[in-house]
Amino acid sequence: MNDSLAKKVKKIFIEKFQREPQIFFSPGRINLIGEHVDYNNGFVMPAAVDKGIYFAVAANDEQIARFFAVDLNEEYSVPLDAVARSNGWKNYVLGIVDQLQKKKYPIRGFDCVLSGDLPSGAGMSSSAAVECGLGYALNIIFDLHIDRMLLAKLGQKAEHSFPGVNCGIMDQFANMMGKKDHVILLDCRSMEYKYLRFSLKDFSLVLINSKVHHSHASSAYNMRRRQCEEGLLALHIHFPLAQSLRDISEEDLMLHCNLMDHEIFEKCLFVVQEIGRTRNAAIMLEQNNLMAFGKLMFETHEGLSRLYHVSCEELDFLVDQAKQNEAVLGARVMGGGFGGCTINLVHQKAVAEFIETATRAYQ
């Protein structure tokens with residue numbers, strides 16, 4: 001955790017609002033494997049991290065919500081009875097306020113200062129950290145008695161409604177349910193989950209930020225979801241009980257590929273394969289077979305790049321660099337794609353050299 005950042009938001013809050021706030025930390029997340037399958041009812045393997053968003057929050061005596069985004073140096077205030085969609089970062093804080101009000105939770109006016117150490121647009125889910133972090137803070141301050149699972153679902157609905165991103169539940173779930181030294185194997189259909197101990201020992205996870213900015217709010221993310229739904233609809237002729245692509249085997253998909261155009265088939269094929277990969281990855285992790293786990297990471301990137309088409313030239317270059325390095329067991333684009341980070345499983349002794357080599361080649 002970043003103590004200096006926590007102190008910074010507290011200091012700014014006191015300067016702006018002349019009283020003591022409560023301080024909250026809301027983590028970002030990584031996802032080891034299981035990309036773009038949460039909205040297809042598949043399995044994912046995320047983990048909360050020690051970088052995130054810091055909030056200083058306190059109730060005020062007015063029915064007004066006031067925000068100051070430190071990193072953007074922007075202020076915004078709105079009466080609670082006038083909360084509506086706005087633009088940019090405002091939609092992420094207003095979306096969760098809107099959800100709490102729609103559920104008739106008795107929130108009152110409050111002041112909020114927020115700042116973070118998550119790189120924007122890097123695929124580490126700063127949006128869920130904002131939504132769930134503010135939701136959790138308001139839950140504590142106003143004694144709302146909302147459990148963490150429901151807060152995650154409210155955060156997801158907030159992202160659907162105000163930013164307009166039809167995301168799955170993974171990001172918000174990882175934010176609310178993360179556990180130190182563990183990853184989460186989450187069944188996005190049943191919401192059943194289990195913690196898998198993540199003991200790397202001689203290895204480290206290294207994220208490389210391509211600095212290519214992505215926006216989940218772009219039409220590309222929502223289009224992928226629609227294409228998966230179109231593919232499932234076409235398959236309903238032969239599989240009327242299938243609730244999602246999770247219920248379709250790769251063999252059955254290949255057999256009936258003529259029911260859909262090639263672009264939709266590619267998207268469906270990636271999802272079906274990725275759900276299987278994630279199940280296998282959980283077994284490899286429990287067996288501490290990191291070599292096999294890393295191979296699955298490379299396979300995921302290949303699918304994200306060539307079938308799901310959410311990579312880009314820069315990310316493919318970074319993964320190709322990782323493949324050429326014997327100290328790297330696996331690498332792939334992480335998050336929604338279209339930019340952001342690669343996640344790399346690297347031998348501990350070679351981390352510094354890997355970072356230097358990859359950075360120099362990328363520059």
Side-chain angles (χ1 to χ4, degrees), residues 26-49 96 99 103 124-125 127-129 131-133 135-136 139 145-160 165-199 224-225 228-229 232 235 239 241-250 252-253 268 270-289 292-293 296-297 299-300 303 334-336 343:
S26 181
R29 67 101 187 92
I30 57 172
N31 184 33
L32 294 186
I33 199 165
E35 214 66 82
H36 283 277
V37 297
D38 55 348
Y39 55 80
N40 286 292
N41 287 342
F43 295 86
V44 293
M45 200 180 291
V49 297
I96 192 67
Q99 287 300 315
K103 296 292 184 182
M124 297 182 71
S125 199
S127 57
E131 293 151 350
C132 293
Y136 183 84
N139 183 42
H145 302 287
I146 309 173
D147 65 45
R148 286 176 176 264
M149 186 76 81
L150 181 53
L151 279 171
K153 291 178 179 178
L154 290 174
Q156 181 193 22
K157 286 182 179 179
E159 187 141 347
H160 288 181
V165 182
N166 293 319
C167 64
I169 191 62
M170 175 180 70
D171 296 351
Q172 292 82 7
F173 188 93
N175 173 273
M176 293 306 308
M177 306 297 288
K179 181 179 178 182
K180 185 175 173 58
D181 296 328
H182 290 75
V183 298
I184 308 166
L185 179 64
L186 171 64
D187 181 336
C188 295
R189 178 156 67 191
S190 69
M191 297 301 290
E192 293 177 355
Y193 64 96
K194 68 176 180 177
Y195 292 106
L196 303 176
R197 184 151 190 89
F198 193 51
S199 179
R224 297 303 184 281
R225 183 165 188 159
C228 292
E229 291 166 352
L232 180 65
L235 291 164
F239 306 98
L241 298 181
Q243 299 175 11
S244 68
L245 289 173
R246 171 172 165 174
D247 298 318
I248 306 296
S249 71
E250 184 175 348
D252 286 336
L253 179 62
C268 294
F270 167 76
V271 169
V272 169
Q273 291 178 338
E274 183 72 351
I275 290 172
R277 267 192 295 269
T278 306
R279 282 173 153 157
N280 290 336
I283 296 170
M284 295 303 101
L285 199 59
E286 289 183 306
Q287 294 176 353
N288 201 32
N289 187 345
F293 189 95
L296 292 171
M297 290 175 69
E299 289 177 10
T300 289
M334 187 185 73
I343 181 169

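In this structure, the side chains of Asp171 and Asn175 stay at 4.5 Å or more apart for every pair of heavy atoms. The shortest distance between side-chain heavy atoms of Met149 and Met176 does not fall below 4.5 Å.
Using modelled atom types, one side-chain atom of Gln156 and one backbone atom of Cys167 make a donor-acceptor pair closer than 3.5 Å. At distances below 3.5 Å, at least one donor-acceptor pair connects side-chain atoms of Ser244 with backbone N or O atoms of Asn40.
Using modelled atom types and a 3.5 Å distance limit, the side chains of Thr300 and Glu35 yield no donor-acceptor pair.
With respect to Leu285, the side chain to side chain contact (heavy atoms under 4.5 Å, CB included) criterion is satisfied by exactly one of Leu196, Leu185, Ile33: Leu196.
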- Walk me through it: do Phe239 and Asp247 pass the test side-chain contact (heavy atoms from CB on, under 4.5 Å)? CA-CA 9 Å; Phe239 306 98; Asp247 298 318; over 6 Å; no

- Assess whether side-chain contact (heavy atoms from CB on, under 4.5 Å) is satisfied between His36 and Glu274, documenting all intermediate values. CA-CA 9 Å; His36 283 277; Glu274 183 72 351; over 6 Å; no

- Query: How far apart are the C-alpha atoms of Asp181 and Arg197, what are their side-chain angles, what is the distance that settles it, and do they pass the side-chain contact (heavy atoms from CB on, under 4.5 Å) test?
  - Reply: CA-CA 6 Å; Asp181 296 328; Arg197 184 151 190 89; 3.9 Å; yes

- Using the side-chain contact (heavy atoms from CB on, under 4.5 Å) rule, take Leu151 and Cys132 through it: C-alpha gap first, then chi angles, then the decisive distance, then the call. CA-CA 7 Å; Leu151 279 171; Cys132 293; 5.8 Å; no

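Distance check: Asp187 CG to Lys194 NZ gives 11.5 Å after rounding to the nearest 0.5 Å.
Shortest non-hydrogen contact noted between Ile248 and Ala242 is CD1-CB, 3.9 Å. The two atoms that bring Ile184 and Met177 nearest to each other are CD1-O, 3.7 Å, heavy atoms only. For the pair Phe43 and Val37, the tightest heavy-atom approach, listed with the atom from each and the gap, is O-CG2, 3.2 Å. Heavy-atom minimum distance, Cys228 versus Tyr39: SG-CE1, 4.4 Å. Between Arg29 and Pro46, the shortest heavy-atom contact is CD-CB, 4.3 Å.
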